[in-house]
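Each remark here refers to the structure printed beneath this line.
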Amino acid sequence: MAYLDSLIQKCNSLTLTLTLTLSHIKQLQAHFITSGHFQFCTSHRTKLLELCSISPAGDLSHATRIFHQIQNPSTNDWNAVVRGLASGPEPTKAISWYRTMSRYSHRVDALTCSFTLKACARALACSEAIQIHSQVLRFGFDADVLLQTTLLDVYAKVGNLDSAEKLFDEMSVRDIASWNALVSGLAQGSRPSEAIALFKRMGVEGWKPNEVTVLGALSACSQLGALKEGEKIHGYIMEQKLDMNVQVCNAVIDMYGKCGFADKAYRVFENMGGRKSLVTWNTMIMAFGMHGDGAKALELFEQMGITGVHRDAVSYLAALCACNHAGLVEDGVRLFDSMAGSGSLLGSCKTYGNVEMAEFASRKLLEMGSKSCGDFVLLSNVYAARERWNDVGRVREAMKSRDVKKIPGFSYIEVDGVIHKFINGDQSHANWCEIYSKLDEIKFQVKAYGYVAETNFVLHDIGQEEKENALCYHSEKLAVAFGLISTSEGTPIQVIKNLRICGDCHAVIKIISKIYDREIIVRDRARFHRFKEGLCSCRDYW
Ligand SMILES: [Zn+2]
Ligand SMILES: [Zn+2]
C-alpha cells in the first residue's frame, strides 16, 4: 500500500512537470492488478482513472478500458471518466455515460451533474441540459452555488438566455463567474444591448469586471457599433491593466474597427509592440478591409511576412477580402496566385487540429469571387473574440443538425444613447407613423431625382407596386428615415445592419445623402459604407 502511495505521488509530480507518459500509467495499473488492490482499494483506483482520463499524458479509450475491468465502480470512478469525456474531443459521450449511470441507479452526485453539464455546453446540447437541470432539482443539488453557475453557463452558451436570466435572478449568492456567464451569453446571443446593461449593473453593484467580462462587453459594443460604451470599457481596461492580456487587446482592436474607427484600432495595435499575436495582425487587417482601405491592409499583410509572423489562412482571406472591398482586382489575383503556390496555407489550418476548417478555408477561397466575405467576417468574429478554433467546427456542426433558420435582417441606430432596432416592415416603433410618412416623402423625392426601384431585389411573386413597397420598408431604410427625423440637420447618421445591405437600399441611401445633405454610414455584415453627396466610399465594390 505504501508502495502504491509513493507510486501515485510520483505520477502526480510527473503530471506537474508534464513528463508523465502513458507507459507510467500502465506500469501503475499493472502494480495495482498484481498486488490485488485494483478491485478494493477504491481511492487509489479512482486516482489511476483520473490520471488516465484527465492528465495530458492520459488516453480516454484506455481509461474506459480500465473502467470496464472494475466489478463495482464507485461514483468517483464514474466521475473520473465522465470528467475526461466532457473535456475530450467528443463531449456527447459524457452525456451518454451520465444516462447509463442514472439508468442503472448508480449514485449520481453534484460533480457528475457538473461535468455532464460542461459537456452539454461544449456540445450545445440544450434539451439534455434541461433534463439534467430537472434532475439536479430532484436530487436537491440546486443549493450548490458552483452547480448553479455551471447551469447558468450552459444555458448562456446554448443560447437559452431566458433560462439563464431566470437562474441568475434566482441565485442567492453570485460570483464573478455567474456575471461573466450571463454577460457573454447575452453578447453572443444577439442581445448586445442587454449585455451592456448588465455590464453597467455590475459596476453599480460593486463588482469588478475581469478579462472575461470585458471580452463579452466589447463583443456587444462591436455588434452595436457603440463607440462611446466601447471607449469607456477601453478606459477601464487601461486603468485596471487588463491590457496585459493579448486577447483583450485583440477585442479592443476589433471593437474600434467595427465602430468605424480603424485609426483608433491601429493605435492600440501599435501600442502592443512585440506582444502581437497572429490574431492581432489578422484582426487589424480585417479592420482595414472593412473600411475599404485595401492598401493599408495589404501593407500590413506584407509587413507580417517581413516581420516573420507566420501567416495563416485567415491572414490570406482577410487580405483577399480587403482587395475585394477596395476594388484592387490585380492585387487580389496576385495574392491568390501566391496562395495557390503555398500548400502551407491549408497546412496551417491543420495546426488548429481541424480538418473541417481547412475545408472551409479552401471553399471560401473558391467562393471569394462571389463576395461571400460576410460569412467569413461573421465566423472570424468568433475566432477573434474567443480564439477557440477547435470549437468553431463543433458549433457549425451543431447548427447544421439543428436546422437553424435563416437569420432575419435587422438594423440598429443609436439616437441620444438609446439603441433602436428595426426589422423589415416594422411597425412596432413608437414613432412608426412619422417614420413611414418620412419614407413616403423620401420615395417621392428620390423618384423626382430620377431613381427607378430595382425590384429584382425582391424575390416574392407580387405586383410591381407591392414590390416597391417591400423594398421601401427594408430595415436599413426605416433606420435611416428615423435618423433623419430624430437627429439635427447636418449631423451624420450611423446604421448597423446584421446582413448585407441590399442593392436598392444602397442606391436609395446614396441619393438620400445628396438630397438631405447628410453623411450616412452603414456598417453591414461585410464592411462599412460611407454615403456622402450621392456617392459611397465602397465605390460600389461590395
Ligand atoms: Zn434594402
Ligand atoms: Zn457602399
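One is the number of the first residue; the rest follow in order along the sequence. Counting convention: from 1, in listed order, for ligands and their atoms alike.
Side-chain rings of Tyr266 and Tyr256 stay apart, their centers remaining 6.0 Å or farther from each other. Between Phe269 and Trp281, the distance separating the two ring centers is shorter than 6.0 angstrom.
At least one N, O or S atom of Cys502 sits under 2.8 Å from the Zn ion (ligand 1).
Note on His474: its N/O/S atom closest to the Zn ion (ligand 1) is ND1. The atom of His529 that is an N, O or S and sits closest to the Zn ion (ligand 2) is ND1.
Between the side chain of Ser315 and the backbone N or O of Asn282 there is no donor-acceptor pair closer than 3.5 Å. A donor-acceptor distance shorter than 3.5 angstrom exists from the side chain of Lys497 to the backbone of Arg500, with no hydrogens or angles considered.
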